[in-house]
There are 2 protein chains.
Amino acid sequence: MTPPSTRSERARAAVREAAWDLLLDRGLRAVTIEAIAERSGVAKTTIYRHWPTKNAIVLDALRERFEPTVAFGDTGSVLGDLTQQLQAVIGLLATEAGVAYLSLVVESWYDPDLATGLVERYLDRRRTAAIEVVERGVERGELSAGTDAGVLVDALYGALYYRLLVSRQPLPDTYASLLVAQVLDHDRSGSRD
Amino acid sequence: MTPPSTRSERARAAVREAAWDLLLDRGLRAVTIEAIAERSGVAKTTIYRHWPTKNAIVLDALRERFEPTVAFGDTGSVLGDLTQQLQAVIGLLATEAGVAYLSLVVESWYDPDLATGLVERYLDRRRTAAIEVVERGVERGELSAGTDAGVLVDALYGALYYRLLVSRQPLPDTYASLLVAQVLDHDRSGSRD
DNA sequence: CTCTAACGCTACGCTACGTAGCGTTGTTCC
DNA sequence: GGAACAACGCTACGTAGCGTAGCGTTAGAG
């Protein structure tokens, strides 16, 4: 990263970094404008000149540091492709950045702008990519013609978010393949755990 | 409801009611100990003598007023039973009490006690009941022997929570039957919308 | 080297938290 | 009926964080 040249950009970068560090160190609840100001060395008034809310800052920081997992390999089968993608998402959400992301998802319940930002940058992209995979499976004849890709994809990723955010159950290593097998495989011949 | 006899119980009931009214009127963010004190006429100090946190109060109020939807009819088929139950949950979550419940689910991310309370009173009961239905379907031969009821049930309800809490997509009237058909029906012959 | 946009600093009023101290009142029990 | 006490109400406090106003200071473009 080349250091920002203008004074403004230096301040903005310092703010994003302080917000991110605070988020990872002490959680979203500890991220306050005052704490960011203190940690970054940027005056509170200056922060307010650049961002309207704390969440906007954190979303900016996230954009720089948290890449959406969209890329799909092509393993040759729908089940394989989806398992691989789910596995990647599970891994990502288990990192400290992933947990930070999840806390923003939670926070977005009260912040429509944040919700829009997260949906556009992360959720929609991944959903669209997953839907394409399912539809490819339908074209190949691996899945029946009556398949509704959107509904199935929401069920797959919904299960992840549900267990992480709502019911707080862990996601075992086998979860991705188990989930795909149960939801998509007509014969439900996948292994159990 | 018989009016509470002791002075203490009167105060407690007034607090629960004020918290609930505030929640429905102005959302969880507006529910503060100070606001509850003002609205209920109960002194702030007295409130702190009975509850440790705002969330504990709201959870108490919820317990009195929001009944978990556990009852399943027996329609004769797994698909029918699950569709009916999902439909009931969707309806419940669409009420103002349901939205209040959802905001508590969100809040529980930061409050382990609240999370435990919600899981025990609502999520676990419904999950167990749904799992029983699926297992009944396996016994009847409607679903194959390799079915993992827990995984499937989390996928079904996960889809609901995912769309309501995370991606903020609406749940159309046909959603319950569509979801069940897609996730459980091997032939995916259910209707589309 | 000047000029101006952008920053830093201090201070303010507001809301909410959670606690301490003390006066007041409802209830119970004789 | 009256005493005793448990529980409530009230006031006040210190803390944190919000968002804004006013004004001094400085970086950096031209």
Side-chain angles (χ1 to χ4, degrees), chain A residues 2-23 25-61 103-104 106-114, chain B residues 2-23 25-61 103-104 106-114:
Chain A
T2 62
S5 53
T6 74
R7 184 161 59 144
S8 241
E9 224 1 271
R10 273 197 300 276
R12 293 177 60 94
V15 167
R16 282 192 298 266
E17 185 178 343
W20 184 251
D21 290 347
L22 272 171
L23 181 59
D25 280 7
R26 312 209 283 116
L28 187 56
R29 282 288 157 100
V31 181
T32 66
I33 300 276
E34 307 235 342
I36 294 171
E38 191 185 356
R39 186 142 179 169
S40 66
V42 174
K44 195 169 65 155
T45 43
T46 300
I47 298 177
Y48 278 110
R49 286 178 189 121
H50 288 293
W51 289 276
T53 66
K54 171 197 79 173
N55 289 337
I57 303 173
V58 181
L59 182 58
D60 265 10
S103 67
L104 279 179
V106 166
E107 183 74 13
S108 76
W109 176 254
Y110 290 109
D111 185 338
D113 291 339
L114 179 58
Chain B
T2 61
S5 51
T6 74
R7 184 161 60 147
S8 243
E9 225 0 272
R10 273 196 300 276
R12 292 176 62 94
V15 166
R16 283 191 298 264
E17 185 178 344
W20 184 252
D21 291 347
L22 272 171
L23 181 59
D25 281 7
R26 313 208 284 116
L28 188 54
R29 283 288 158 100
V31 181
T32 66
I33 301 276
E34 307 234 338
I36 294 171
E38 191 186 355
R39 186 143 178 168
S40 66
V42 174
K44 195 168 64 155
T45 42
T46 300
I47 297 177
Y48 278 110
R49 286 179 190 121
H50 288 293
W51 290 275
T53 65
K54 171 196 79 173
N55 289 337
I57 303 173
V58 180
L59 182 59
D60 266 9
S103 65
L104 279 179
V106 166
E107 182 75 12
S108 76
W109 176 254
Y110 291 109
D111 185 338
D113 291 338
L114 179 58

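Everything numeric here is computed off the predicted structure, so don't read it as measured data. Chain A is the first sequence line, chain B the second, and so forth, proteins listed ahead of strands; every chain is numbered from 1.
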Yes or no on side chain to side chain contact (heavy atoms under 4.5 Å, CB included) for A:Leu104 and A:Leu114, after CA distance, side-chain angles and deciding distance? CA-CA 8 Å; A:Leu104 279 179; A:Leu114 179 58; 3.9 Å; yes
Take B:Arg12 and B:Asp60, measure what side chain to side chain contact (heavy atoms under 4.5 Å, CB included) needs, and give me the verdict at the end. CA-CA 10 Å; B:Arg12 292 176 62 94; B:Asp60 266 9; 4.2 Å; yes
Rounded to whole Å, CD of B:Glu38 lies from P of C:dC14 at a distance of 16 Å
Note the angle between the end axes of the helix from C:dC1-D:dG30 to C:dC30-D:dG1, five pairs defining each, rounded to 10 degrees. 20°
Suppose we call a contact any N or O donor and acceptor under 3.5 Å apart; does that hold for the side chain of A:Thr45 and the base of C:dC9? yes
Please list, for nucleotides 16-19 of chain D, all pairs of protein and nucleotide N/O atoms separated by less than 3.5 Å.
residue: D:dC18; atom: OP1; partner: A:Ile33; partner atom: N; Å: 3.2
residue: D:dC18; atom: OP2; partner: A:Ile33; partner atom: N; Å: 3.1
residue: D:dC18; atom: OP2; partner: A:Glu34; partner atom: N; Å: 3.1
residue: D:dG19; atom: OP2; partner: A:Tyr48; partner atom: OH; Å: 2.7
residue: D:dG19; atom: N7; partner: A:Lys44; partner atom: NZ; Å: 3.2
residue: D:dG19; atom: O6; partner: A:Lys44; partner atom: NZ; Å: 2.9

Give the minimum heavy-atom separation between B:Arg16 and B:Ala61, together with the two atoms involved. O-CB, 3.6 Å
Between D:dC8 (P) and B:Glu9 (CD): distance, integer Å: 10 Å
So which atom in A:Ala56 and which in A:Pro52 form the shortest heavy-atom distance, rounded to 0.1 Å? CB-CD, 4.0 Å
Look at B:His50 and D:dC8 and indicate whether a side-chain polar atom (N or O) is within less than 4.0 Å of OP1 or OP2. yes
Closest non-hydrogen atoms of A:Ile33 and A:Lys44, given as atom of the first, atom of the second and distance, are CG2-CG, 3.7 Å
Here the distance between atom P of D:dC8 and atom CD1 of B:Ile36, to the nearest Å, is 16 Å
At under 4.0 Å between heavy atoms, how does the protein contact nucleotides 25-30 of chain C? Give one character per nucleotide, 5' to 3', with B, S or -. BSS---
Can you tell me how far P of D:dG9 sits from CD1 of B:Ile47, to the nearest Å? 9 Å
Please report the distance, rounded to the nearest Å, between CH2 in B:Trp51 and P in D:dA7. 14 Å
Return the minimal non-hydrogen interatomic distance between A:Leu28 and A:Lys54, and the atom names on each side. O-NZ, 3.9 Å
Looking only at heavy atoms, which two atoms of A:Ser40 and A:Ala14 are closest? And how far apart? CB-O, 3.5 Å
Inspect the surroundings of CD in A:Glu38 and state if more than 12 heavy atoms from other residues, nucleotides or ligands are less than 6.0 Å away. no
What distance separates A:Ile57 CD1 from A:Leu23 CG, expressed to the nearest 0.5 Å? 12.0 Å
By the definition side-chain contact (heavy atoms from CB on, under 4.5 Å), identify the one residue from B:Asp21, B:Val42, B:Val58, B:Val15 that meets it with B:Ile36. B:Val15
Any A:Ser8 side-chain nitrogen or oxygen under 4.0 Å from OP1 or OP2 of C:dA6: no
Between B:Ser103 and A:Tyr110, what is the shortest heavy-atom contact and its length? CB-OH, 3.6 Å
